[in-house]
Amino acid sequence: MGKVHVLDHPLIQHKLTMIRDVNTGTKEFRELVNEVATLMAFEITRHLPLKEVTVQTPVGQATSNIIAGKKLGIVPILRAGLGMSDGVLKLIPAAKVGHIGLYRDPETLKPVEYYIKLPSDVHEREFIIVDPMLATGGSAVEAIHSLKKRGAKQIKLMCLIAAPEGVEAVQKAHDDVDIYLAGLDEKLNEKGYIIPGLGDAGDRLFGTK
Ligand code: URA
């Protein structure tokens with residue numbers, strides 16, 4: 001079973017509270033989402049393997065650690081996921097960025113992929129899929145499926161806020177995927193919004209309400 005990590009660092013929790021606040025405007029909302037994504041990236045990369053190298057300091061030789069060449073990929077789910085990708089890139093600037101776009105079929109209500117572009121060496125990379133809201137889990141389940149279909153073997157999912165329904169859907173469909181969250185909320189309402197959540201993440205990020 002994939003693990004759920006709710007990241008309780010005080011800075012993440014403080015900024016998440018400001019993100020939730022209905023009085024936080026677009027500019028500040030966007031900045032805060034990016035900042036939280038950076039802080040979450042710090043936690044999500046804890047497992048990266050290190051290797052020893054020797055460097056010359058101004059006063060001697062140091063045997064010290066660097067990251068041992070792990071290849072990473074970030075995949076924002078369009079459109080709200082775009083709000084998190086720059087924040088992750090700030091800490092992992094060498095990561096490649098893929099994109100995936102999904103829409104909900106009005107008849108089946110299932111997510112359908114309309115766009116995907118991934119780095120060519122998919123099977124060699126560890127991917128972090130980013131999307132602020134894990135609501136029903138439909139998009140995340142489909143995005144993970146799309147990446148796996150193209151050869152991705154290691155995938156993590158990073159969201160700001162999840163509903164229990166979304167977490168359960170991802171765990172049921174993809175038990176090898178760990179989920180990283182800033183907040184795990186109470187429920188979904190009848191319109192599919194996370195309660196208490198933060199409203200529509202895409203609209204708040206892009207000012208389209
Ligand atoms: N997507 C959002 O942007 N907000 C929610 O609460 C649920 C899905």
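These numbers come from the heavy atoms of this one structure, side chains and all, not from hydrogens, waters or symmetry mates. Ligands are counted one by one from 1 in listed order, and the atoms in each one are counted from 1 as well. Remember, it's a predicted structure, so these values are computed and weren't measured experimentally. In this chain, numbering begins with 1 at the start of the sequence shown.
Side-chain atoms of Thr208 and Arg79 include a donor-acceptor pair closer than 3.5 Å.
The backbone N or O of Leu205 sits less than 3.5 Å from a side-chain atom of Arg30, completing a donor-acceptor pair. Put simply, the side chain of Arg204 gets close to the backbone of Ile19: a donor and an acceptor are under 3.5 Å apart.
The aromatic rings of Tyr180 and His5 lie parallel to each other, their planes meeting at an angle below 30°, with 60° marking the opposite boundary.
Tested against Asp176, the residues Lys3, Lys148, Lys153 include a single salt bridge (charged side-chain N to carboxylate O under 4.0 Å, His left out) partner, Lys148.
Residues of the protein with a heavy atom under 4.0 Å from ligand 1 are Met133, Ala135, Gly192, Tyr193, Ile194, Gly199, Asp200, Ala201, listed by chain and number.
Leu7 has its side chain out of reach of Ile44: every pair of non-hydrogen atoms, C-beta onward, lies at least 4.5 Å apart.
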